[in-house]
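A short worksheet on the structure shown next.
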Amino acid sequence: MSAETVKRWTALRCWASISAMNNEPLPLPKRVRFVELSAKALRALADGDLAGGSAEAGIALDEYFVCDRARWVFGYRADQLAADPSAAPWITRIAVSEPDEAVVGYAGFHGPPDEAGMVEVGYTVVPGYRRQGYARAMLTALLVRAVAEPGITTVRAAISPDNNASLATIAGFGFTRVGEQWDERDGLEIVFEVPVDAIQAEQLYGLGGHGDRPGRAVT
């Protein structure tokens with residue numbers, strides 16, 4: 001085979017490789033659904049009772065859900081629910097990926113909308129599922145809920161300045177920095193907000209949105 005022929009074959013193989021890469025389908029955005037936690041489930045997990053919490057939730061949870069941080073969160077939410085049962089539809093739920101049904105974390109609002117119509121989001125991904133798009137899927141599902149809910153005007157997120165993963169998660173959703181606050185447990189946090197009427201449907205579906213369109217709540 002002549003040198004010229006070799007060069008042509010090499011060029012052709014390179015072109016074919018590039019074409020194959022360009023034609024490869026992009027990975028589908030992650031999707032999650034939420035499983036509500038009853039007062040009993042929250043209290044069991046707060047007490048470190050993994051078997052009891054799993055039974056009450058109706059889904060198998062792993063040891064991460066009774067680590068110190070998770071137990072504090074679930075205990076706080078259990079107390080919140082005891083003081084205000086109407087908070088149940090808003091607070092922390094288990095996040096389950098679709099369609100494989102893996103338990104990937106927990107997420108929710110910090111409570112019902114305040115007097116000004118503001119809700120604050122929170123989300124945590126199980127370590128083994130991090131950096132795979134599940135935080136963005138959780139946030140997207142929460143934003144879909146906020147858009148669908150009458151009376152909500154603003155969505156807030158408070159993030160530690162060194163939490164690069166969470167800062168990257170909110171990028172592209174229209175959040176802007178509005179200030180800082182000091183959290184007794186987490187220290188300094190940057191406060192971001194986005195008006196609900198500035199959240200576009202195209203943003204939610206282009207960035208890993210849930211299959212439910214705005215106009216119906218995600219549960």
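All values reported here derive from a predicted model rather than from experimental measurement.
E149 places a side-chain heavy atom less than 4.5 Å from the side chain of W90. Counting heavy atoms from C-beta outward, I91 and R77 have side chains that approach closer than 4.5 Å. V126 is not listed as a side-chain neighbour of V104, based on a closest heavy-atom distance of 4.5 Å or more. At a threshold of 4.5 Å between non-hydrogen side-chain atoms, the residues Y123 and Y106 do not count as touching. You'll find the side chain of V32 stays beyond 4.5 Å of the side chain of K30, heavy atoms only. Side chains of L42 and L81 form a contact here, defined as non-hydrogen atoms less than 4.5 Å apart.
Of all heavy-atom pairs between A146 and V155, the closest is CB-CG2, 3.7 Å. Nearest approach of L45 to R71, heavy atoms of both residues: O-CG, 3.4 Å. When all heavy atoms are compared, the tightest approach of A158 to E189 is CB-OE1, 3.5 Å. Between P112 and V119, the closest heavy-atom pair is C-CG1, 4.2 Å. Across all non-hydrogen atoms, the minimal contact from R33 to V35 is NH1-CG2, 3.4 Å. Considering all non-hydrogen atoms of both residues, A70 and V66 come closest at CB-N, 4.4 Å.
Screening residues 52-70 for salt bridge (charged side-chain N to carboxylate O under 4.0 Å, His left out) gives R69-D186 as the qualifying pairs, with residues at least two apart or on separate chains. Sorted by first and then second residue, the salt bridge (charged side-chain N to carboxylate O under 4.0 Å, His left out) pairs involving residues 160-177 (not counting sequence neighbours) are R177-E180.
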**Q.** Test log, rule side-chain contact (heavy atoms from CB on, under 4.5 Å), inputs M138 and T140
**A.** CA-CA 5 Å; M138 292 181 205; T140 300; over 6 Å; no
Q: Give the C-alpha distance, both sets of side-chain angles, the deciding distance and a yes or no for side-chain contact (heavy atoms from CB on, under 4.5 Å) between F109 and R145.
A: CA-CA 10 Å; F109 300 101; R145 167 75 186 278; 3.7 Å; yes
(Q) Under the criterion side-chain contact (heavy atoms from CB on, under 4.5 Å), I'd like the reasoning laid out for E120 against V191: C-alpha separation, chi angles, the key distance, then a yes or no. (A) CA-CA 10 Å; E120 184 171 345; V191 179; over 6 Å; no
Q) Can you list the steps and then say if F192 with I170 is a side-chain contact (heavy atoms from CB on, under 4.5 Å)? A) CA-CA 9 Å; F192 298 87; I170 69 169; 3.7 Å; yes
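R130 contributes no side-chain N or O that, together with a main-chain N or O of A165, makes up a donor-acceptor pair within less than 3.5 Å. With hydrogens and angles disregarded, no donor-acceptor distance shorter than 3.5 Å links the side chain of S97 to the backbone of D100. A distance-only check finds a donor-acceptor pair linking the side chain of R136 to the backbone of A171 [under 3.5 Å]. T153 contributes a side-chain N or O that, together with a main-chain N or O of A116, makes up a donor-acceptor pair within less than 3.5 Å. Without hydrogens or angle criteria, E36 side chain to T92 main chain gives no donor-acceptor distance under 3.5 Å.
When the shell of 6.0 Å around CZ of R131 is examined, it contains 12 or fewer heavy atoms from other residues, nucleotides or ligands.
Partners of T154 by side chain to side chain contact (heavy atoms under 4.5 Å, CB included), not counting sequence neighbours, listed by chain and number: M118, E193. Every residue meeting the side chain to side chain contact (heavy atoms under 4.5 Å, CB included) condition with A46, not counting sequence neighbours, appears here in chain and number order: F74. By the ring-ring contact (aromatic ring centres under 6.0 Å, His included) test, Y64 is found to be paired with no residue, residues two or more places apart in sequence or in another chain being considered.
How far CD1 of I190 is from OG of S160: 7.5 Å, rounded to the nearest 0.5 Å. From L37, atom CG reaches atom CZ of F65 across 9.0 Å, with rounding to the nearest 0.5 Å. Going from atom CG of L143 over to atom CD1 of I152 covers 10.0 Å, rounded to the nearest 0.5 Å.
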When the side chains of residues 47-55 are checked against the rest of the protein, which donor-acceptor pairs come out under 3.5 Å, sequence neighbours left out?
unit_1: D49; atom_1: OD1; unit_2: G52; atom_2: N; d: 2.8
unit_1: S54; atom_1: OG; unit_2: L50; atom_2: O; d: 2.9
unit_1: S54; atom_1: OG; unit_2: L61; atom_2: N; d: 3.1

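Cluster membership for V125 and W72, using ILVMFWY side-chain heavy atoms within less than 4.5 angstrom, is shared.
A side-chain contact (heavy atoms from CB on, under 4.5 Å) with F173 is found for exactly one of I199, L139, V194, namely L139.
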